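Scroll down for the structure; my scribbles are underneath it.
On a predicted model such as this, the values are computed, not experimentally measured, just so you know.
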Amino acid sequence: MKSTSKLWIAFSLVIVVSFAVLLYYGIDLYHKAPPVPAQVKTTDGRVLFTGQDIKDGQNVWQSIGGQEIGTVWGHGSYVAPDWTADWLHRESSFMLDKLSQQQFGSPYDKILPDQQVQLQKQLQTAIRKNTYDETSGDITISPLRATAIEAVSRHYTGLFTNDPALASLRNAYAIPENTVKDAARMQQLNAFYFWAAWACVTNRPGSNVTYTQNWPPDEIIGNKPTNSLILWTGFSVIVLLAGIGILVFYHATSREEPADPSQLPQKDPLLSITATPSMKATLKYFWIVTILIVVQIIMGIVTAHYGVEGNGFYGLSIANLLPYTVSRTWHVQLGIFWIATSWLATGLYMAPAVSGHEPKYQKLGVNFLFIALLIIVGGSIAGEWLGIMQKLGLIGNFWFGHQGYEYVDLGRFWQIFLFIGLWLWLLLMYRALAPALRKRTVDRNLLILFLIASTAIALFYGAGLMWGRQTNLALAEYWRWWVVHLWVEGFFEVFATVVSAFLFVRMGLLQVRSATLNVIFSTIIFLAGGILGTFHHLYFSGTPTAVLALGATFSALEVVPLVLIGFEAYHNYKLSKSAEWVKAYKWPIYCFISVAFWNFLGAGIFGFVINPPIALYYMQGLNTTPVHGHAALFGVYGMLGIGLMLFVLKGLYSRYVWKDRLIGFAFWSINIGLLLMVTLSLLPVGVLQTMASVDHGMWYARSAEFMQQPLLQFFRWLRVIGDTVFALGAIALAVFVIGLRTGLSVDKSRIDIS
């Protein structure tokens, strides 16, 4: 195997080069993002919107839930439409009808096919031409298009307020009456939706491709896949196959012989660790983790049910108090909170355990951070409710309410508060690890990587502070994915890998040198694709073609290390059987095995299915995305969080033997329920939507006309099966954790002295 020094050089090169490229194209995006005009006016001088209307409209959109109420540019939630695709279809349909009446004296759907093609070409010539004037900063449109915009605006105004004629459509979209309560705000919201749709149909200067790479698919307006989409899809497959071949060859030539069972410890080495006051203080973190898991799942059940019953929940009218946008926001946000809390608490527990050093006032710091996290969770979810209920001004909503960006919905004040909390956590970690870092022990490289991952967790959440209240949406999306992809999907993965290796090393099941080399190598492979793989989220978010090429190439590399997941799962399973005392860690290790399974299925298969450009072109914003999201976020990161929690709880309750029945039921119910949820409901709906998107366009695949069909409703109702099994498992997990304290989950007659 490569020496440690060579691996560190490779690690440094991957980090430096990848972030240099990421930042270079970020700067490029600042110059090439879809421009927000000074005015939108007609050729005869009438002003429809101002640039400030569009910027304020973006804030109105954020205040009503933003990406939690339908999607824009394909990013967000899945019950309401994609507003950009919906707006474009309504606008173009209106214009085609007017043109048809003028030229043929009949509605568009009544004329001959060749006449329809003729009108489509006229329409495309008119709306795809870029009329943005860099000198004046104005967008100029025809009076006909202005009339179409006004017609769509009237429809949206009725939809988001209280037009009785649109009551059934509001219900299908799970949008309560008077979601927008102010006429001025509604006008601004329409301005923002127009601008976001304009970027989807307007060619970049000097190009025949729109700002969003011709997304969303809709042949009537000329939005078809570009040659680049097809070219880079093919190249991504080649890169994937080449990467798999190289990695399999490396693994085959560097594979080590399994450990000799006779050389393994005969007793549990972790039993010799005495929990320090700060280590014991982490227990309350896991109580909160357990509570948040249950609340998150309740919010998920409510959110899923809105998809079949609109604004009702089994006949109860709760949308005026708990609308879909609130329940989904909390469902997503609480998932991030409990997973992060579990991992942070594991770090606080592990740091003194690894170093054998309890710094002065460490327990006070752990308790202070716990209180801060409680305030952040409680304050942010309250602020999100106030924002969506339109009880805050646009500035107040930005700071304390709902920012409207999925996964980073919390207001800016709460973001800053959390950012400071993460640096406090890093300080606590460093204080405990410092003595071990100063020693030239064999596990020093693991400790360094552990500290690097911890620093990255604190540092990269700061990317969420890089956009302002009225930052161009394309730029806000760029920085948002720094948080979601690099923070949630990147360095947390490295952190978890290092923590897992530490646990097995401390248990004597892995040799320090081999664990160190494997962890550094795995980190290099993962980050080589993972950092620039961020771009695959930005194909259609106002970015230039180079982003598409890089995203396609490097997101394929993200899948490469997952081909060896089977070896990892088998290895962990063998470890669980390696010695009699290891059986006490059966369920934490089984959680790691389940992480390997979901990494392969959720992150690997379901991820790669939607990541190639041509696939995502038709699938972005469909239920194929939550297939990947649920299987990867909960299956990988959630099960890892549960596994780490169980490892720590085993350490804190190490003297008693756990009862298997309750935790076993919880483990299998959670995993089987998640699989049923994905395969019985989300996946079939996503596949049917993809077919509709290919045949008719994104607007149709997301429309109430399509989604309210009996077959689609049947598959949505099937989710009840998986959700129920999953929820029962979560409740069993909560009861088990509580039972560790009450004695329900342990056999007090059997003391673990192994």
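In this structure, Val519 and Ala501 approach most closely via the heavy-atom pair CG2-CB, 3.5 Å. The two residues Gln296 and His331 have their closest heavy-atom pair at O-ND1, 2.9 Å. Between Pro613 and Leu229, the shortest heavy-atom distance links the atoms CB-CD2, 3.4 Å. When all heavy atoms of Ile614 and Thr233 are compared, the pair lying nearest together is N-OG1, 2.9 Å. Contact detail for Leu422 and Leu344: the closest heavy-atom pair is CD2-CD1, 3.9 Å. Counting all heavy atoms, side chain and backbone alike, Asp82 lies closest to Gly74 at OD1-N, 2.9 Å.
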- Task: Please lay out, stage by stage, how Thr553 and Ser236 fare under the test side-chain contact (heavy atoms from CB on, under 4.5 Å).
- Result: CA-CA 5 Å; Thr553 302; Ser236 71; 5.9 Å; no
- Message: Set out, in order, the CA-CA distance, both residues' side-chain angles and the distance that settles side-chain contact (heavy atoms from CB on, under 4.5 Å) for Ile642 and Phe634, then state yes or no.
- Response: CA-CA 10 Å; Ile642 292 172; Phe634 195 99; 4.1 Å; yes
- Message: Let's go through Thr543 and Tyr478 carefully: what are the C-alpha distance in whole Å and the side-chain angles of both, what is the deciding distance for side-chain contact (heavy atoms from CB on, under 4.5 Å) to 0.1 Å, and is it a yes or a no?
- Response: CA-CA 9 Å; Thr543 50; Tyr478 170 78; over 6 Å; no
- Query: How far apart are the C-alpha atoms of Thr210 and Asn223, what are their side-chain angles, what is the distance that settles it, and do they pass the side-chain contact (heavy atoms from CB on, under 4.5 Å) test?
  - Reply: CA-CA 8 Å; Thr210 72; Asn223 271 7; 3.8 Å; yes
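Between the side chain of Thr534 and the backbone N or O of Ile531 there is at least one donor-acceptor pair closer than 3.5 Å. In terms of modelled atom types and a separation under 3.5 Å, the side chain of Ser681 and the main chain of Met677 share no donor-acceptor contact. At least one donor-acceptor pair under 3.5 Å links the side chain of Gln689 to the backbone N or O of Ala701. Distance alone, capped at 3.5 Å, is enough to place a donor-acceptor pair between the Thr303 side chain and the Met299 backbone. Judged by distance alone, with hydrogens and angles left aside, the side-chain atoms of Arg204 form a donor-acceptor pair with the main-chain N or O of Lys32 at under 3.5 Å. A distance-only check finds no donor-acceptor pair linking the side chain of His31 to the backbone of Asp28 [under 3.5 Å]. In terms of modelled atom types and a separation under 3.5 Å, the side chain of Thr455 and the main chain of Leu451 share a donor-acceptor contact. Checked by atom type and distance alone, the side chain of His485 pairs as donor or acceptor with a backbone atom of Gly530 at under 3.5 Å. In terms of modelled atom types and a separation under 3.5 Å, the side chain of His402 and the main chain of Leu410 share no donor-acceptor contact. Between the side chain of Thr84 and the backbone N or O of Trp73, at least one donor-acceptor pair lies under 3.5 Å.
When side chains are defined from C-beta on, Leu601 counts as touching Trp598, because their heavy atoms get closer than 4.5 Å. Looking only at side-chain heavy atoms (C-beta outward), Tyr407 and Gln67 stay at 4.5 Å or farther from each other. Side chains of Thr71 and Arg702 form a contact here, defined as non-hydrogen atoms less than 4.5 Å apart. Residues Arg412 and Leu465 have side chains in contact (heavy-atom distance under 4.5 Å, counting atoms from C-beta outward). Side-chain contact between Trp479 and Thr471: absent, with no pair of heavy atoms (C-beta onward) separated by less than 4.5 Å. Contact annotation: the side chain of Tyr461 approaches that of Val483 to within less than 4.5 Å [non-hydrogen atoms, C-beta and beyond]. With contacts defined as side-chain heavy-atom distances shorter than 4.5 Å, the pair Lys224/Asp218 does not qualify. Contact check for Ser693 versus Leu622: side-chain heavy atoms found under the 4.5 Å cut-off.
Note that CG of Leu548 and CH2 of Trp232 are 9.0 Å apart. Values are rounded to the nearest 0.5 Å. Thr4 OG1 to Ile520 CD1: the interatomic distance, rounded to the nearest 0.5 Å, is 5.5 Å. Going from atom CG of Leu616 over to atom OG1 of Thr624 covers 8.0 Å, rounded to the nearest 0.5 Å. Here the straight-line distance linking atom CG of Leu674 with atom CZ of Phe726 works out to 5.5 Å at 0.5 Å rounding. Taking CG from Asn623 and CG from Leu682, the interatomic distance works out to 5.5 Å, rounded to the nearest 0.5 Å. Rounding to the nearest 0.5 Å places CD1 of Ile416 at 11.5 Å from CD1 of Ile376.
More than 12 heavy atoms of other residues, nucleotides or ligands lie within 6.0 Å of OH in Tyr30, so this atom counts as buried by the packing criterion. In the displayed structure, Tyr430 atom OH is contacted under 6.0 Å by at most 12 heavy atoms of other residues, nucleotides or ligands.
Every residue meeting the salt bridge (Lys or Arg N to Asp or Glu O under 4.0 Å) condition with Arg328, not counting sequence neighbours, appears here in chain and number order: Glu68, Glu406.
Ring to ring, Phe19 and Trp482 are close: their centroids are under 6.0 angstrom apart. Taking the six-membered ring for Trp, Trp467 and Tyr405 have ring centres closer than 6.0 Å.
Ser594 and Asn671 share a side-chain donor-acceptor pair at under 3.5 Å.
With His75 as the partner, the ring pair (Phe, Tyr, Trp, His ring centres under 6.0 Å) test is satisfied by one option alone out of Trp481, Tyr539, Phe540: Trp481. When the options Gln62, Gln415, Glu384 are evaluated for a side chain to side chain donor-acceptor pair (under 3.5 Å) with Gln403, the one that passes is Gln415. Each of Trp343, Phe592, Tyr590 was compared with Phe647 under the ring pair (Phe, Tyr, Trp, His ring centres under 6.0 Å) criterion, and only Phe592 meets it.
Annotation: salt bridge (charged side-chain N to carboxylate O under 4.0 Å, His left out) contacts involving residues 518-545, sequence neighbours excluded, are absent.
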